Chemist: 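Encoded as structure tokens, here's the structure I'll be asking about.
This structure is a prediction, so every number in the text was calculated from the model and none was measured. Numbers restart at 1 for each chain; the letters A, B, ... are given by sequence-line order, proteins then strands.
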Amino acid sequence: MDAILTSLANLEFYLVLAAVLGVAWGIVGGALPGISPSITMALLLPFTYALEPSIAIVLLASTYVGAEYGGSIPAILIRTPGTNAAAASVIDGYEMNKQGKAGLALGISLYSGVIGSLVGLSALVLFSEPLARLALAFTPPAYFALGILGLSVIVSLSGESLVKGLIAALLGLMISTIGTDPVSGISRFTFGVSDLLSGIQPILIMVGLFAMSELLKQASAQYEIRLKTIPRIQFPDNKLKKRLILPQCIGALFGGFEGLMPGAGGTIASFMSYNEAKRWSKSKHEFGKGSPEGIAAPETANNTVAETSLIPMLSFGIPGSNSTAILLGGFLIHGLIPGPMLFARSGDIVGDLYVGLFFAAIALLFIGIAIMPACIWLVNQPRPYLNAFIMVLIMSGIYSINNSLFELSVVLVAGIIGYFMRLLRFPFLPTVLGLVLGFMIESNFRRSLLLSGDELSIFFNDRISLVLLSVAVLFIIGSLAKRFIGFLFTKLKSKFAENTGR
Amino acid sequence: MIFTKQKAAIFLVLILNLSFSIYAQDYPVDTITILTHSRPGGGSDVFLRELSRYLGPELGANIIVKNVTGGSGASAIAELARAKPDGSKFYATTPTFIYTSLLSQPAYTYQDVDPLVNLFFDPELIYTAANSPFQTLEDVLNKARSSRGLWGAANPGSMERQSLEQLKLATGLNAAVISHEGGGDLIINVLNGTLDIGVGEAQELQSQIEAGSLRILATLSDTRLAQFPEIPTVQELGYEVVVRKFRGIAAPKGLAPELILRWEQAIQSVLENPDYQASYLADNLRLNYINHADYQGFIDDFALETQSYLRRVGIIE
């Protein structure tokens, strides 16, 4: 607290500037499909060598905050999540866009992102110490259980056909086994190709499945002239704001916890919170058809993650995601070693970071508003031009990550698979979840068995694991029961209609 | 006031440049690119950027660090192997480039480039949680003798895992060696008592050691470390396990002998620069200069040793 006050008292113009520039850069990077928050930050990292330590750190951390919001822009506008964690926002965001409510969808995402940032920042500042202890309590069986809990969402995400959802999820799980075996180190399904050694990045598959397949589909659709809507930023009115409180609380809660745990980097939180927001919503039927709540929950969650993931990074020096790993690099460049001693030795920098993050949350609001008209103008351009532009944007974005033609071909192949999945009405989201969580589940499952000497009881003896697994079982049974009841109901209804019709 | 330090640094670089352009012969190219498979902020990246601040003026050229992260080092090796040996392109070596060459069949391997010089070894430490019952490495081994040893390494195909497998072999014990996704994951599982010990680089453990939450039991280096003079080496404790996690520079094949000499001299004089010394000592790097004549042999030995290890544990055929 003292550190924050000191920092505020000696507030430097450059600190605020760094927060604003970081957010602006982050939004742009996050909005480009394929450029993840960590890449956006990595591109900036070389420029931070010459900066003062606290300016450099604030710049990087603000970039992370901006990128988590930025990821929702293409999710809403072109059905392509800019970041892993924005995948859940595609569902209702793109639906709202199709209904001509792109401005409102972006407004909700921005509004929720700012709220998520502020909630996460409060948790970071106030509860860093107790929350850090919670992160330590997560052992391999607990991570396994967390992954399973994430996968349990598939039942309710599968849409019309559970079997198709499971097949799609299995595809994701299978892709996640490519690469170096997490326990033995043997190369699996790499066929001697060194590009496959570190596995296939989920973002490549996501860009392929969502964006490429959409472009392929639109290329075959007849071009219709769209009515030009007037670009207008629309924030939720008070009535809608009230409705969004519950999904935002859910998002902040899941995001807050996921940030603490190394692993999925916000994806579990955004999917889980989407699922729970749906469960607790008064207007469940709107979900999947353009529900504002369906944007608010995941977007609050991923911005909360951006803040609380700093807790294990600052307290232990342990990065939970690629983005925090880059931030850790930023600390190391300036000779600062995050960990228990950071607060004691460089308290001023931590104070500056907190203050900078606060300004970043505020800047997010203003910069978000400022660039929205441009975004909305862009999607209202004639489709063929726009599609060509998106195609170039995606390909050059992916190529610029590692200068790798191999990764481009992964995107193209995923796009073709996605096109056929679309034709056969397979849902994409289970594939994404399987892909993101597969590695985490597998490696922690095998690690747990190594620990216990092949005793499965380890998953029930670990308290966290037991609780998470039980919740997952309840979810699955609950969702299955709902499906079954729904099935019976429609059957009865049709029978009834048959009887009365005669 | 913010940019004073930076200004001073630029001024210094200017002066250095001036003095060197008078004395030193011109370097054949203006800009040298050093490739690394490490992402920005990663171990090799930080090492290279720090080194290039001192090495650039010494060689009389600008040095650019380029992160070529694809294929666990395979892309960077390929780019180097295809580069012209005109002194414009180099690569920062670490054991990763040997592991990748052995684990997959990349188009270009460590044998297609020329190891130029070595600078450092990263010391690897065996550590446990400060509140664990283990006071010495022998305590850990005794636990493994009486019940089940749980030992952790950062990555499955890593030097750390190799060192633990070698320790198992040297002690004849059958402990479970559990690999993770990076050092951070591993530290958590040692701190929360899931694992008995972990193996990690001094740098990533430094903060926890200073805070008193981790205890070092032994070092895997060949001699004791200056920073931890009271910590015994594993070799001293009677087990023949030594880890040499090297950091050096590789060049494309066919680099002119006078350029090789030029690099050897420049690296040696940079290593003696007191400012750079202060910087690498703070980063816990151990000086271990190997010249061009010996480095090829060192790398070949290292690769052979690694290959036989990978075969023994069944990772490659």
Chemist: Could you pull out all residues at least two apart from Phe47(B) that satisfy ring-ring contact (aromatic ring centres under 6.0 Å, His included)?
Modeler: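 Phe47(B) satisfies ring-ring contact (aromatic ring centres under 6.0 Å, His included) with Phe120(B) only.
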Chemist: Going by the side chain to side chain contact (heavy atoms under 4.5 Å, CB included) test, name the single residue among Val410(A), Leu405(A), Leu204(A) that passes it with Ile398(A).
Modeler: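 Testing each of Val410(A), Leu405(A), Leu204(A) against Ile398(A), the sole residue satisfying side chain to side chain contact (heavy atoms under 4.5 Å, CB included) is Leu204(A).
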Chemist: Tell me, for Val65(B) versus chain A, whether the close heavy atoms (under 4.5 Å) come from the side chain, the backbone, both or neither.
Modeler: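 Neither; nothing under 4.5 Å.
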Chemist: Does any backbone or side-chain atom of Phe439(A) lie under 4.5 Å from a heavy atom of chain B? Answer side chain, backbone, both or neither.
Modeler: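 For Phe439(A), the side chain is the part near chain B, not the backbone.
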Chemist: For Thr93(B) and Arg247(B), which I'm curious about, is there any donor-acceptor pair between the side chains at under 3.5 Å?
Modeler: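 Side-chain D/A pair, Thr93(B) to Arg247(B): absent.
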Chemist: Measuring heavy-atom distances to chain A, does Glu210(B) have an atom under 4.5 Å in its side chain, in its backbone, in both, or in neither?
Modeler: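 Contact with chain A: backbone and side chain both.
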Chemist: Main chain of Thr40(A), side chain of Trp25(A): is a donor-acceptor contact present, judged purely on distance under 3.5 Å?
Modeler: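 Yes, because the side chain of Trp25(A) sits within donor-acceptor range (under 3.5 Å) of the backbone of Thr40(A).
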Chemist: Side chain, backbone, both or neither: which part of Asp181(A) has a non-hydrogen atom closer than 4.5 Å to chain B?
Modeler: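 For Asp181(A), the contact with chain B is made by the backbone alone.
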Chemist: Could you tell me which portion of Pro338(A) (side chain, backbone, both or neither) has an atom closer than 4.5 angstrom to a non-hydrogen atom of chain B?
Modeler: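 For Pro338(A), the backbone is the part near chain B, not the side chain.
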Chemist: Check whether Thr190(A) gets within reach of chain B through its side chain, its backbone, both or neither, counting any heavy atom under 4.5 Å.
Modeler: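 The answer is neither part of Thr190(A).
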Chemist: For the residue pair Phe191(A) and Phe189(A), categorise the inter-ring angle as parallel (less than 30°), tilted (30 to 60°) or perpendicular (more than 60°).
Modeler: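 Tilted: the ring planes of Phe191(A) and Phe189(A) meet at 30° to 60°.
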Chemist: Any non-hydrogen side-chain atom of Tyr108(B) less than 4.5 Å from a side-chain atom of Leu80(B)?
Modeler: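 No, every pair of side-chain atoms sits at 4.5 Å or beyond.
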Chemist: Let's test your reading of the structure: which of Leu45(A), Ile326(A), Asn444(A), Leu450(A) forms the most heavy-atom pairs below 4.5 Å with chain B?
Modeler: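 The option with the most such pairs is Leu450(A).
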Chemist: Counting only heavy atoms from other residues, nucleotides and ligands, does the tally under 6.0 Å from CZ of Arg188(A) exceed 12?
Modeler: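 Check passes, neighbour count above 12.
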Chemist: In terms of heavy-atom pairs under 4.5 Å, which option from Gly193(B), Ala78(B), Ser179(B) contacts chain A the most?
Modeler: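 Of Gly193(B), Ala78(B), Ser179(B), Ser179(B) has the most heavy-atom pairs under 4.5 Å with chain A.
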Chemist: Hey, which of Asp45(B), Val177(B), Leu150(B), Val46(B) has the most heavy atom pairs under 4.5 Å with chain A?
Modeler: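 Looking at each of Asp45(B), Val177(B), Leu150(B), Val46(B) in turn, Leu150(B) comes out on top.
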Chemist: Using a cut-off of under 4.5 Å for heavy-atom pairs, which of Val313(B), Thr194(B), Thr100(B), Leu310(B) has the most such pairs with chain A?
Modeler: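 Most heavy-atom pairs under 4.5 Å with chain A: Thr194(B).
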Chemist: Select one option (side chain, backbone, both, neither) describing which atoms of Asn67(B) are under 4.5 Å from chain A's heavy atoms.
Modeler: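 For Asn67(B), no heavy atom lies under 4.5 Å from chain A.
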Chemist: Please report the closest heavy-atom contact between Ile178(B) and Leu451(A), naming both atoms and the distance.
Modeler: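 Minimum heavy-atom separation between Ile178(B) and Leu451(A): CD1-CD2, 3.4 Å.
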